[in-house]
Amino acid sequence: MPLTLRTFLLCFGFIAFLSSSSNSQQRVIAPVEKKGFTALTSYDELRTFLREVNGHGIYVDSLTATKQGRGVFVAKVSSSSVFGTNAKKLRVLLFAQQHGDEPSGKEAMALLLAKIASGNHRKMLSSIDLLVVPQMNPDGSELRQRRTADSIDLNRNHVLLTSPATKALHDLFDRWKPDVTVDIHEYASFSSSFIDSGTIRIADVQLGMLTNPNTSPVTYSLEHDSIYQFIATAMANRSYFFNEYIVGSADSRIRHSTTEINDGRQSLGILGSVSFIQEGRKWQSMEAQLQRRAKSQLASIEALLEYCSGHAAQIKRVVRRERDRLASIKAGMRVPIRMEHFPGKRTMQIPILLLPAQKESTWTVRPYHADVRTLKSVTLPRSYVIPKEQSSIIALLERHHVTMTKVTQPRRVDVSIYTIGSIGVEVLEEDSLPNPVVSVSKGRRLLREGDIIVNTKQLRSLFLATVLEPESQWGLTKYEGFSYLLKQKQYPVLRIP
C-alpha cells in the first residue's frame, strides 16, 4: 500500500473516531440520582443542575424571584433551533412543587430534563415543544412547608395572582399558549379517614382531569377516554399503581377534586387547554420511598408525552377549536356558575393496603360522586362594565391579560343592574360559600371617562363570567379582599346585555 494512501486511511479512521466520540452524548445525571435517592434536591443543587443542562436542546430562563430572593426557572425544550418557532408542534407545559412539602414532582422533572439532555426522547421532541417549571415554590421547599415564605398557598392563588410565582406562570402561559398543561403534586395516602376504615391508598400516581362544567365535552372525552386510558395502561405495564384522582372520606363521600378555577389545572383548562393535575403518593416523610415516588411521577409524565407526541395534530385541533369558540362566544349563552358533585353511574376501583394484615387489595368506591351537575347558570352578557373606582378588580383583570377598553367619551348605555338582597351560605364541595339572593333590573347608566368595558368575546370569556358574577361560587366575592362587593345594595359590576 502506498504511504500516502495508508496515511490517508489512518487519518480518516482517526477523524471518524473523533466524530463518533463527539456524537455520543455523555449521560447527564439528576442531583437526586447522584445521591442515590437518599436526599432531596436542594434549591442550590437544582439551580446548578439547570445550568448544566442548559444548551442541550434545553434553554433555561428565569421567570421571577420569590419573597426570599430565590429564582423560579423554566426550561424550554425544543428540537428546533429556536423554541416555539415551529407552529405545527404541540406545546406542553409541566410545572411542579407548588406546595413545598410535595417534592417528588420536582425530582421527576429533573430526571426528565437529565434524560433529554442525555439525548433521550428525540422522537418525542420532533412533534412537541416542552415548557418545564420544575419548582414553583423554592422558598416553601427549603422551609419544608406547604405554603410560600409569605404564607400563600400557590395552588389557591390562580385567580388573585398575588404571588410572583403564579403571576409568572400565567404570564408564561399567555406568552406561549400551551395546548396541554400538567400541574404536579402529591396526595396524602395516609389520611386518617382511610386508616380509621382499615385501609391505606397505595396508588403511586393519581391523575385528575377537568371537571368544571364550562369545559368542552370534546376536551373532556379526549382526556378521559383516550389520554387517561393510555397512561393507565403504560403505568400498569411498569407495575405502578394508578387511578383517577379522588378526594374525600372513605366513610362519607368520594368525589373528584375541585371544580374551582383557582388551581393550576382548572385555571388553565377554562382557557381551552387540555389540562391535568397529577398527584404522586406522599409518604410519612419527605424522603421516604423517594426513588419510587420520583420515578412513578416520571413514568406517568413520559406516558402522557408519548401520547401527545403520537397525537399532536389531533390535540392541536381540539384545542384550537375550543379556543376559537371561547374567543367568538355569543352573548346570551348559558354559563354554569354554581355546581356540585353527585353520584353517577360510573364505578371505580382503587388500589389499597388492608390493615393490619398488610395485604394489597382493591376497594370499590362507594358512594362515588363522579358527576358534576350545574345548580345555577347565567346568560353571558355582551360586556361587563367595571367602574373606574373598582381599581382592585381592574388590576386583577390586568394581571390575567384580559382585553379591556377604557371609556374616553362619556355616554349612556342600556345595562342590567344587580341588587343584593339577603346573603345566605351554601355548602358546596364541603366548603361554606356565600350564596346571595339577587334581583336584576334594567336601566340606563352614564359611562364616565375612565370606566372600563370588558367585552366577553375573548379567550377569557368564561373566566370573566365565573369571577365577575355575584352569585358565582368561584367568583371574586368568596375572597376576603373582595367580600365588600356583596355589602353594597347595588353590585358595582354592570352588564351590557
Side-chain angles (χ1 to χ4, degrees), residues 62-74 93-103 105-106 131 133-175 178 181-187 208 210-212 247 257-271 273 275-279 391-402 429 431 433-434 460 462-464 466-468 472-483 485:
S62 175
L63 288 179
T64 190
T66 66
K67 181 75 171 180
Q68 295 186 337
R70 297 183 179 92
V72 178
F73 303 98
V74 59
L93 168 63
L94 310 173
F95 54 103
Q97 208 179 18
Q98 287 200 79
H99 294 143
D101 60 350
E102 298 174 6
K106 169 192 66 180
L131 295 160
V133 183
Q135 186 177 55
M136 286 283 292
N137 184 5
D139 291 353
S141 179
E142 294 297 292
L143 294 168
R144 299 174 69 90
Q145 67 183 30
R146 179 182 180 86
R147 293 173 175 253
T148 62
D150 46 350
S151 298
I152 295 175
D153 183 341
L154 292 185
N155 205 35
R156 292 296 180 268
N157 193 245
H158 289 266
V159 167
L160 298 183
L161 296 185
T162 53
S163 167
T166 47
K167 175 65 169 66
L169 182 77
H170 283 253
D171 289 347
L172 181 71
F173 179 92
D174 194 70
R175 169 71 178 85
T181 69
V182 188
D183 180 16
I184 306 171
H185 289 263
E186 291 182 74
Y187 76 97
L210 292 169
T211 56
N212 189 291
V247 298
S257 66
T258 183
T259 61
E260 186 173 6
I261 65 165
N262 194 27
D263 68 0
R265 170 191 40 160
Q266 310 281 13
S267 67
L268 303 179
I270 205 169
L271 303 181
S273 308
S275 190
F276 300 92
I277 182 171
Q278 178 166 303
E279 296 272 350
S391 57
S392 57
I393 298 179
I394 296 169
L396 181 142
L397 298 181
E398 287 174 341
R399 291 197 292 274
H400 280 275
H401 303 278
V402 169
E429 293 191 0
D431 193 11
L433 299 169
R460 291 169 173 82
L462 299 181
F463 165 82
L464 289 168
T466 301
V467 298
L468 293 178
S472 173
Q473 74 187 81
W474 305 133
L476 291 181
T477 59
K478 76 181 288 285
Y479 301 101
E480 184 178 353
F482 292 94
S483 60
L485 292 170

Step-by-step side-chain contact (heavy atoms from CB on, under 4.5 Å) determination, Ile261 to Leu462: CA-CA 10 Å; Ile261 65 165; Leu462 299 181; over 6 Å; no
For Arg460, all residues meeting salt bridge (charged side-chain N to carboxylate O under 4.0 Å, His left out), sequence neighbours excluded: Asp174
Residues that Glu429 engages under side chain to side chain donor-acceptor pair (under 3.5 Å), provided they are two or more places apart: Thr258, Thr259, His341
For Arg399, side-chain contact (heavy atoms from CB on, under 4.5 Å) partners two or more places apart: Leu161, Thr162, Lys167, Ala395, Leu396
Nearest atoms (heavy-atom pairs only) where Gly264 meets Asn155: N-OD1, 2.9 Å
Straight-line distance of Leu131 CG to Leu63 CG, nearest 0.5 Å: 9.0 Å
Nearest-0.5 Å distance, CZ of residue Phe173 to OG of residue Ser273: 3.5 Å
Distance-only donor-acceptor check, side chains Asp183 and Gln98, under 3.5 Å: yes
Spacing of Thr148 atom OG1 and Lys67 atom NZ [to the nearest 0.5 Å]: 9.0 Å
Pairs flagged by salt bridge (charged side-chain N to carboxylate O under 4.0 Å, His left out) wherever residues 149-159 is involved - sequence neighbours left out: Arg146-Asp153
Between OG on residue Ser163 and CG on residue Leu154, distance to nearest 0.5 Å: 4.5 Å
Spatial distance of atom CG (Asn137) from atom CZ (Arg147) [nearest 0.5 Å]: 11.0 Å
Nearest heavy atoms of Pro138 and Gly71, plus distance in Å: CG-O, 3.8 Å
By side chain to side chain donor-acceptor pair (under 3.5 Å) - contacts of Glu279 (at least two apart): Tyr245
Closest approach of Leu268 to Ser275 (non-hydrogen atoms, all atoms of both residues): CB-OG, 4.2 Å
Student check: side-chain heavy atoms of Val467 and Trp474 closer than 4.5 Å: no
Side chain to side chain, His99 and His185, heavy atoms closer than 4.5 Å: yes
Ser141 vs Lys106 side-chain heavy atoms within contact, under 4.5 Å: yes
Results of salt bridge (charged side-chain N to carboxylate O under 4.0 Å, His left out) for Asp263 - residues two or more places apart only: Arg265
Sequence-distant partners of His400, ring-ring contact (aromatic ring centres under 6.0 Å, His included), two or more places apart: His170, Phe463
Nearest heavy-atom neighbours spanning Ser392 and Phe482: OG-CE2, 3.4 Å
Set of side chain to side chain donor-acceptor pair (under 3.5 Å) partners for Thr166, sequence neighbours left out: Asn157
OG1 on Thr466 to CD1 on Ile270, rounded to 0.5 Å: 4.0 Å
Student check: side-chain heavy atoms of Val133 and Leu172 closer than 4.5 Å: yes
Audit row: Tyr479, Leu160, side-chain contact (heavy atoms from CB on, under 4.5 Å) steps and yes/no: CA-CA 9 Å; Tyr479 301 101; Leu160 298 183; 4.0 Å; yes
All side-chain contact (heavy atoms from CB on, under 4.5 Å) counterparts of Gln145, not counting sequence neighbours: Leu143
Residue list, side-chain contact (heavy atoms from CB on, under 4.5 Å) with Thr64, at least two apart or on another chain: Val72, Pro164, Ala168
Heavy-atom side-chain proximity of Asp101 to Glu186 below 4.5 angstrom: no
Sidechain-backbone polar pair: Gln97 side chain, Gln135 backbone, donor-acceptor under 3.5 Å: no
Side chain to side chain donor-acceptor pair (under 3.5 Å) partners of Ser472, counting only residues at least two apart: none
Ionic contact status for Asp139 with Arg70, cut-off 4.0 Å: yes
